[in-house]
Amino acid sequence: MNLCDVVVIGAGPAGACAAAMLVDQGLSVIVLEKEQFPRFSIGESLLPQSMAFLDKAGLVEAVNQHGFQLKNGAAFLKDGQYTVFDFSDKYSEGPGTTFQVKRAEFDKLLADGAANKGAQIRYRHQLLDVCGQAGAMTLTVDDLNEQQQYQLSCRFVLDASGFGRVLPRLLDLESPSDFPVRKAVFTHVRDHAPAHFDRNKILITVHPQKQDIWFWLIPFSDGTSSLGVVGLEQHYQQAGDLDDEAMLWHFIKQTPELHQLLIDAEVVQPLRTIMGYSANVRQLFGDGYALLGNAGEFLDPVFSSGVTIALQSANLAVPLVVKQLAGQPVDWQTEFSDPLRSGIGCFKEFVGGWYDTRLQDIIFYPAPDPGIKRMVCSVLAGYAWDGKNPFVSDAKRRLNTLAQICAA
């Protein structure tokens, strides 16, 4: 069948959840996925807000039962200071726990769930071109399995291609990010961490001399962890003529607590890098299409917001696609782009505050007000669309004021 209601580009979390929700509404869906699942992907630490979106897609039970590592909060380490945010002790309503997942397993689980509902997933099918308008879109697809091209007709396209950013490239939608160019170097390790290490939390560690360099350590249920370092390109250049793996351990050795924690760690995955990963677009929708998740905008991995933004974009877009294909009027700007960007803007302020150390001053403040900490915790748990939270509705001013108090 080369005719359907909706084509979804990409079978990752946003694409799988969008497909699942669309078929639940009686629409026919074809998902084009360039890779063969399971496949490696970065972004293994989920946020609790994601669980509500997975529930709406009818996929949360499979995730709950899979055996992924529980995540109940985030721990931060900086020059001997250690602090914890418990996601159940937050301001916003909603789930307070989630999971730390190997994305190869997690993404395949969601894609299988969407397929079981009736979505047709075509692995190793790559979109080459798109033209037309809402209601009559024509796609040119490369079947990498058969090494042949074909035409696909649909009424609407959702781009959930992540870092592939298929429609932004094809339709010339990309615009520069205002974040500096940073580089992430990462791998999986068998961590052999001591028994006191809290495997139920992501550990974010700050480099003791360069506060804009930070490390993630995300434990999995099988004794392995995702390990990575993020820093400006200049920091890597200043470190000398080292390969990426040597660079990772060079920075770790400069960070005594993390080095001691990983003293017996063994690398079990090929090292990978991402350079200049922050991205933006001029618009999140157009005539017959909308962009989901990282296909539209990616900020930074520091607060693990990527999957949450992706799932929220699917959660906002799907009802509008259903309405539009039913002939009802839809205002994509006010019903999709504006609300999605409001939460992204909140995350963006927190990311900026992390790198200019305003947020670090808040996180490591030794005597936080419990009520304020719960508000900050809600954003760290993914609830960046809760307008009742002052640190969402007025993020910049609140962060600035609180950082000044903490620094003083």
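Nothing here was measured: the structure is a model prediction, and the numbers come from that model. Heavy atoms only: backbone and side chains are in, while hydrogens, waters and symmetry mates are out.
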Run the salt-bridge test on Asp159 and Arg169 with the 4.0 Å N-O cut-off and return the result as yes or no. no
Which residue pairs satisfy the ring pair (Phe, Tyr, Trp, His ring centres under 6.0 Å) criterion with at least one member in residues 378-408, sequence neighbours excluded? Phe347-Trp385
Ion pair present between Lys90 and Asp386, side-chain N to carboxylate O less than 4.0 angstrom? no
Please find the pair of heavy atoms, one from Leu54 and one from Cys17, that lie closest to each other, and give the distance. CD2-SG, 3.6 Å
Pro208 and Thr255, any side-chain heavy atoms less than 4.5 Å apart: yes
So, applying ring-ring contact (aromatic ring centres under 6.0 Å, His included) with Phe251, which one of Trp214, Tyr236, Phe215 is it? Tyr236
Side chain proximity check, Leu32 to Leu152, heavy atoms < 4.5 angstrom: yes
N/O donor to acceptor pairs below 3.5 angstrom from side-chain atoms of residues 361-370, sequence neighbours left out:
unit_1 : atom_1 : unit_2 : atom_2 : d
Asp369 : OD1    : Gly371 : N      : 3.0
Asp369 : OD1    : Ile372 : N      : 3.0

Assign the ring pair Trp354 / Phe303 to parallel, tilted or perpendicular, where the plane angle (0 to 90°) is split at 30° and 60°. perpendicular
To the nearest 0.5 angstrom, please state how far the CG atom of Leu167 sits from the CG atom of Leu158. 9.5 Å
On a heavy-atom basis, the closest approach of Val8 and Ala160 is CG1-CB, 4.3 Å
From Leu59 atom CG to Phe53 atom CZ, the distance as rounded to the nearest 0.5 Å: 14.0 Å
Which residues share a side-chain contact (heavy atoms from CB on, under 4.5 Å) with Leu144, sequence neighbours left out: Lys34, Arg124, Gln126, Asp142
Taking atom types as modelled, find out whether Gln149 and Asp143 have a side-chain donor-acceptor pair closer than 3.5 angstrom. no
Is the distance between the ring centroids of Phe37 and Tyr123 under 6.0 Å? yes
Taken in chain and number order and not counting sequence neighbours, the residues that satisfy ring pair (Phe, Tyr, Trp, His ring centres under 6.0 Å) with Phe40 are His188
Considering residues at least two apart in sequence or located in another chain, which fulfil the salt bridge (charged side-chain N to carboxylate O under 4.0 Å, His left out) criterion with Glu349? Arg358
Could you tell me whether the side chain of Lys56 reaches within less than 4.5 Å of the side chain of Asn315, counting heavy atoms only? yes
Not counting sequence neighbours, which residues clear salt bridge (charged side-chain N to carboxylate O under 4.0 Å, His left out) with Lys323? List them please. Glu335
For residues 104-116, run the donor-acceptor check on the side chains, cut-off 3.5 Å, and write out each pair with its distance to 0.1 Å, sequence neighbours left out.
unit_1 : atom_1 : unit_2 : atom_2 : d
Glu105 : OE1    : His66  : NE2    : 3.2
Asp107 : OD1    : Arg103 : NE     : 2.8
Asp107 : OD2    : Arg39  : NH1    : 2.9
Asp107 : OD2    : Arg39  : NH2    : 3.1
Asp107 : OD2    : Arg103 : NE     : 3.4
Asp107 : OD2    : Arg103 : NH2    : 3.0
Lys108 : NZ     : Asp112 : OD1    : 3.0
Lys108 : NZ     : Asp112 : OD2    : 2.9
Asn116 : ND2    : Asp112 : O      : 3.2

Rounded to the nearest 0.5 Å, how far does CG of Asn294 lie from OG of Ser305? 8.5 Å
Strictly by modelled atom types, are Asp5 and Ser28 linked by a side-chain donor-acceptor pair under 3.5 Å? yes
Rounded to the nearest 0.5 Å, how far does CG of Leu173 lie from CZ of Arg282? 5.5 Å
By side-chain contact (heavy atoms from CB on, under 4.5 Å) - contacts of Gln333 (at least two apart): Phe285, Asp331, Ser337, Asp338
Gap separating the CH2 atom of Trp249 from the OG1 atom of Thr187, nearest 0.5 angstrom: 8.5 Å
How many angstroms lie between OG in Ser378 and CZ in Phe85, if you round to the nearest 0.5 Å? 11.0 Å
Identify the two heavy atoms, one from Ser45 and one from Lys71, that lie closest to each other, and give their separation to 0.1 Å. OG-NZ, 2.7 Å
With distance as the sole criterion, is a donor-acceptor pair present between the side chains of Glu44 and Ser226 under 3.5 Å? yes
Mutual orientation of the aromatic rings belonging to Trp332 and Phe336 [parallel < 30°, tilted 30-60°, perpendicular > 60°]: perpendicular
By side-chain contact (heavy atoms from CB on, under 4.5 Å), which residues pair with Asp394, not counting sequence neighbours? Arg397, Arg398
Results of side-chain contact (heavy atoms from CB on, under 4.5 Å) for Asp86 - residues two or more places apart only: Ser88, Asp89
I'd like a table of donor-acceptor pairs (distance under 3.5 Å, sequence neighbours excluded) in which one partner is a side-chain atom from residues 268-275, with atom names and distances.
unit_1 : atom_1 : unit_2 : atom_2 : d
Gln269 : OE1    : Arg272 : NH1    : 3.2
Arg272 : NH1    : Pro270 : O      : 3.4

Might you work through the side chain to side chain contact (heavy atoms under 4.5 Å, CB included) test for Phe99 and Asn64, ending with a clear yes or no? CA-CA 9 Å; Phe99 297 101; Asn64 285 334; 3.3 Å; yes
Looking at Val392, Leu359, Leu399, Leu47, which one forms a side chain to side chain contact (heavy atoms under 4.5 Å, CB included) with Val379? Val392
Those residues at least two apart in sequence (or on a different chain) that pass ring pair (Phe, Tyr, Trp, His ring centres under 6.0 Å) with His235 are none
Non-hydrogen side-chain atoms of Asn72 and Phe87 separated by less than 4.5 Å: no
Against Tyr289, only a single residue in Leu284, Val130, Leu171 fulfils side chain to side chain contact (heavy atoms under 4.5 Å, CB included); can you say which? Leu171
Closest heavy-atom pair, Leu262 versus Ile252, reported as atoms and distance to 0.1 Å, is CD1-CD1, 4.3 Å
